[in-house]
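Chain A is the first sequence line, chain B the second, and so forth, proteins listed ahead of strands; every chain is numbered from 1. All figures in this text were calculated on a predicted structure; none of them were measured in a lab.
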There are 2 protein chains.
Amino acid sequence: MGASKAGLIPRALAGWPVKDDNQVMSGHHEYRGEALADAARGALTRAGEQWTEMRALIFDALARTRGPASAYDIADAVSKTRGKRVAPNSVYRILDLFVDNNLAKRVETQNAYVANAHPDCVHDCIFLICDDCGAITHLDDDELANSMRSRALDTGFRPANPVMEVRGTCKSCAA
Amino acid sequence: MGASKAGLIPRALAGWPVKDDNQVMSGHHEYRGEALADAARGALTRAGEQWTEMRALIFDALARTRGPASAYDIADAVSKTRGKRVAPNSVYRILDLFVDNNLAKRVETQNAYVANAHPDCVHDCIFLICDDCGAITHLDDDELANSMRSRALDTGFRPANPVMEVRGTCKSCAA
DNA sequence: GATGGCGGAGATATAGTGTATCATTCGCAC
DNA sequence: GTGCGAATGATACACTATATCTCCGCCATC
């Protein structure tokens with residue numbers, strides 16, 4: 001869909017910190033709760049974008065949600081918390097902005113989004129998605145990601161945005 | 001629809017399937033054209049499923065398409081070739097059957113499907129998807145796939161279906 | 001040949017996801 | 001104040017996916 005279809009502008013080509021050999025950088029810190037919102041605001045403003053009331057509300061809704069949230073889920077949640085309807089397209093606009101600026105990640109196999117726990121640094125992330133309970137685990141494995149990029153480069157393909165998502169059963173559901 | 005909706009280059013210009021020189025698979029064979037349909041029919045019937053007229057038409061439409069085809073693309077194509085409308089839900093039913101039996105693969109980031117060039121053997125496959133022209137290259141790299149499965153297992157997650165898709169720019173579009 | 005079960009396909013409706021377009025509001029520079 | 005641009009609102013629409021019920025053809029059985 002959407003972000004991936006018309007929003008086809010490869011992120012790495014849109015100015016993400018990707019090294020010359022097309023391998024992303026590493027080293028990072030994870031945030032939670034209020035600190036996460038602060039980190040997100042900082043990252044967005046440093047990118048020259050505004051941190052508006054609406055954006056704060058949407059980021060908050062995203063960060064509160066355990067597991068992935070669809071744009072429509074977020075629209076409903078924010079509509080409720082502020083007492084006035086938010087149209088889904090407004091949510092999409094802001095989610096796209098978040099994804100472009102590394103504040104959020106899109107989960108392709110779920111048509112959904114998750115907040116990025118470390119907006120400061122860029123990784124090709126791996127999602128482990130439980131088909132039973134819907135829980136999502138977010139891994140960063142630069143070695144694996146770089147293997148995938150290398151593999152693509154070997155064929156002459158210039159990788160921009162690797163998607164690595166594993167459907168299966170999480171630890172607690174498998175027990 | 002995937003590529004067509006985004007106003008990308010028509011699929012006819014995209015090179016699919018692409019057999020890459022560095023693709024090393026033991027004991028598997030890729031099929032094309034009539035032989036591919038035969039292989040698909042064989043695989044499906046061996047699984048105890050019927051190879052009906054409708055299924056043959058849909059597989060043919062899928063195999064003819066260069067690049068990914070959405071269920072609606074296929075519904076249109078088959079409707080045209082047989083002169084009678086095929087409802088999308090019928091197409092979905094059959095595509096699901098194909099995916100379950102390894103005759104086709106779903107491209108998650110495109111909401112689309114591609115025929116599997118070697119229905120006889122199962123791999124976790126990797127798609128390289130060109131954001132410019134829509135072309136899809138299908139790699140099988142068991143080593144990489146197994147690394148990803150191992151990485152998931154390390155965390156206690158039981159992997160079932162790894163999705164590995166790389167968005168970027170293909171060799172000819174990058175040139 | 002009639003009957004009944006079963007799988008495949010058709011028809012229709014609806015839910016869920018994503019985009020396009022234009023209007024409105026608001027803050028800010030001039 | 002005026003004008004401009006960014007952000008959001010409102011609306012409509014397109015695309016993707018599923019649910020449900022019906023109908024048809026096949027075939028085993030009687």
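Residue A/Arg82 places none of its side-chain N or O atoms closer than 4.0 Å to OP1 or OP2 of D/dT8. In this model, the phosphate group of D/dA17 is not approached by any side-chain N or O of B/Arg93 to a distance below 4.0 Å at OP1 or OP2. Phosphate contact (OP1/OP2 of D/dT8, side-chain N/O of A/Ser90, threshold under 4.0 Å): absent. OP1 or OP2 of C/dG18 sits under 4.0 Å from a side-chain N or O of A/Asn111. Using a 4.0 Å cut-off, some side-chain N or O of A/Thr52 falls inside it from OP1 or OP2 of D/dT8. Residue A/Arg85 has no polar side-chain atom (N or O) positioned under 4.0 Å from OP1 or OP2 of D/dT11. Proximity of B/Tyr92 to the phosphate of D/dA17: a side-chain N or O atom is located under 4.0 Å from OP1 or OP2.
With rounding to whole Å, A/Glu49 atom CD is found 18 Å from C/dG27 atom P. Protein atom CD of A/Gln50 is 13 Å distant from nucleotide atom C1' of C/dT25, rounded to whole Å.
A stacked arrangement is not assigned to B/Tyr72 and the six-membered base ring of D/dC15, the conditions of a centre distance below 5.5 Å and an interplanar angle below 30° not being jointly met.
Across all strands, A/Arg55 comes closer than 4.0 Å only to sugar-phosphate atoms, never to a base (heavy-atom distances).
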Quick one, B/His118 with B/His138, criterion ring-ring contact (aromatic ring centres under 6.0 Å, His included). Give me CA distance, side-chain angles, the key distance, then yes/no. CA-CA 11 Å; B/His118 41 85; B/His138 173 177; 5.7 Å; yes
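A salt bridge does not link B/Glu165 to B/Arg167: none of the charged side-chain nitrogens sits closer than 4.0 Å to a carboxylate oxygen.
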